[in-house]
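Input: a single structure, listed below in structure tokens.
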Amino acid sequence: MEIGRVTNVYGQSLVRFGVQEEKLEHIAKPGVYVKMEITRGWAYAMVVSFNLLDELYRKSRIIEELEGYPEIRPTRNELVAMLVGFHDGKSFIRGVPELPKPGQKVYLATAEELSSLTSNGEIKIGKLSQNPEVPYTLSLNMLCSRHFAVLAMTGAGKSNTVAVILGEISEKFPYARVLVIDTHNEYIPMAEASSNIRVISPAGRIAKLLEARYGIKPQPLEVPLWSLGLEEVAGILKLDPSRATKQIMYLRNAVQEARRQRYSHASTDDPIYYTPEELLEILEKTSVRNKYDRSLDDLILKLEMLLENTELFYITRPRTSDKLYSSLSMEEPRKSLETYMGIYSSLLSPGITLLSLGGLSSDIQTSTVATVLKSFWRITTASVLAGKPQPTLIIIEEAHNYVPQGRWSPAKEIIEKIAKEGRKFGIGLGIVSQRPRELSQTVLAQCGTLIALRTANPKDQEYILGSMEDVMQEMVQGLSGLMTGEALISGSAATIPGIVKVDNFTERFGYTLGGKDIDWNKAWTTPPEKLDLADYLLSTEEQEEQQKTTTIEDFLGKQ
Ligand SMILES: Nc1ncnc2c1ncn2[C@@H]1O[C@H](COP(=O)(O)OP(=O)(O)OP(=O)(O)O)[C@@H](O)[C@H]1O
């Protein structure tokens, strides 16, 4: 359908065109596609903004200047569209080799031709908002290998979007390897519905609470202190390396000495076994030698408190990994490295692994994630070098907590490294955040695909614009007007950028996600249920008992 004529071509890829009044209803919506003929085929463009004028203005003198365009003479409604690529009769190519010229006719793209462009990917995420009959898909290869970001203000539909992607992966790729850092335990119900989705959570009280709430027995996670690098140990002790330099120095020497008791060539970060008590003993001996150093006493106190924290027994008293270590009879460093591989390579078994960390404080979450991701990095890069790549996608919820802009976090270095170098080792990254402005720009800049849902904060919009290729100001400004579940999708995994109504996860897969906001209205208008928390307020001994009863097979995920 012909709808108007090009009046102006500007910027690198923006086309302004006048629209006939009676065609306006079909076209005056962001996300509608139009096309214009060029020498090598048809150039396609997506409507991004409008300039609709009122009667008075329309009748003013300016209109008389529009000689030569009789079709748009009675009106001066203008729309701006962004050129996205062209079709040369055989295939669609991004970018346009030649710009349309003022005066050229503009047509509405049909649902059929749009479908041929948007439905070639493996991951079906939703439908075009303005053409609900047109499915919108993403290329799995591009999504994983070029990384992606799901950004939006809270409640706009980020988790729903991630769940739809995970649901698609789980249904279509039986040997997918995905690790989801599930900061708020939102995706756990997916494990109940699908046999290739499993939950791993810190052994102890949290695992028990998850079992009670969701009826799923999580595979117990242990992250032994000895498997942590110096930064992660500093993280759980709440030492900021840029400030607590003296304490970090003591810690560094002690960790190194502890590792060298078993393997004399160990460096501070090598995963060589030691017990927390050995570390404490080394620090105490150092304290005797440095009698008046309060910073060292303070460090010892912090470590003692850490060892007493029952929530952290999955780090400080990892019974099952200890059992595994003792069961091996080889020499060091092999013995530690085999144990390390045993603990972490289970996270790499095919399937979707939900690392559920809800309930832990954010310091502990970041140190746990840093350790897990560093082990991932070690194992996957070694697999690639050994000629057996294990392509893995890592999705990080609340990514601004783990990889913040302008602030240190134990997980920052490894996540930035994955963003910059992961591609060549087959590690894909998907970051999810409600605060793009607080997210490392290094990571955002590496994300080839953007899925941006409603974002009202101008600063967030500015960051999205500044760090993503392929995204134009006109598109980003429209983000505040999106509805819940509507996303602007752009970048390498999408053939054409689009405004997409992401499928409703519950409607599509038949169950709801967890971790939702508490319904205050309901809670305050219905009588409370009887609460029996006794079982979950475990004492130290009971928790230890629970860890003791976990078999090495359970722990390694060998059912
Ligand atoms: N595509 C969609 N279609 C219909 N409803 C949706 C869609 N996406 C999200 N919703 C609904 O909007 C609400 C918020 O969605 P969701 O939890 O995915 O948002 P979020 O951005 O992850 O929020 P938060 O930042 O709080 O985690 C949910 O009740 C969900 O059912």
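First listed ligand is number 1; within each ligand, the first listed atom is number 1. This one's a predicted model, so the numbers in the text were calculated from it and none came from an experiment. When reading the values below, keep in mind they use all heavy atoms of this one structure, side chains included, and skip hydrogens, waters and symmetry mates.
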- Any nitrogen or oxygen of Thr484, main chain or side chain, under 3.5 Å from a nitrogen or oxygen of ligand 1? no

- Item | Among Glu398, His400, Glu397, side chain to side chain contact (heavy atoms under 4.5 Å, CB included) partner for Ser433 | His400

- Query: Are the side chain of Gln405 and the backbone N or O of Gln441 linked by a donor-acceptor pair below 3.5 Å?
  - Reply: yes

- Message: As a check for students: among Ala487, Ala163, Ser159, identify the option with a heavy atom nearest to atom 27 (O) of ligand 1.
- Response: Ser159

- Can you list the ligand 1 atoms lying under 4.0 Å from a non-hydrogen atom of Gln434? 25 (O)

- Message: Salt bridge check, Arg508 against Glu168: does any charged N sit closer than 4.0 Å to a carboxylate O?
- Response: yes

- Item | Identity of the nearest option to atom 8 (N) of ligand 1, non-hydrogen atoms only, from Leu151, Asn160, Val162 | Asn160

- Residue among Ile181, Leu166, Val150 satisfying side chain to side chain contact (heavy atoms under 4.5 Å, CB included) with Ile395: Leu166

- Query: Non-hydrogen atoms of Ala156 versus ligand 1: any pair closer than 4.0 Å?
  - Reply: yes

- Side-chain heavy-atom pair Thr161, Ile125 within 4.5 angstrom cut-off: yes

- Query: For ligand 1, which atoms, with element, lie under 4.0 Å from some heavy atom of Lys501?
  - Reply: 1 (N), 2 (C), 3 (N), 4 (C)

- Item | Donor-acceptor pair, side chain of Gln461 and main chain of Pro458, under 3.5 angstrom | no

- Query: Can you name the closest pair of heavy atoms from Tyr344 and Pro224 and give their distance?
  - Reply: OH-CD, 3.9 Å

- Query: Which ligand 1 atoms are under 4.0 Å away from a heavy-atom of Asp503?
  - Reply: 1 (N)

- Message: On a heavy-atom basis, I'd like to know which of Thr183, Val502, Thr512 is closest to atom 1 (N) of ligand 1.
- Response: Val502

- Item | Best match, Gly485, Gly157, Ser433: closest heavy atom to atom 16 (P) of ligand 1 | Gly157

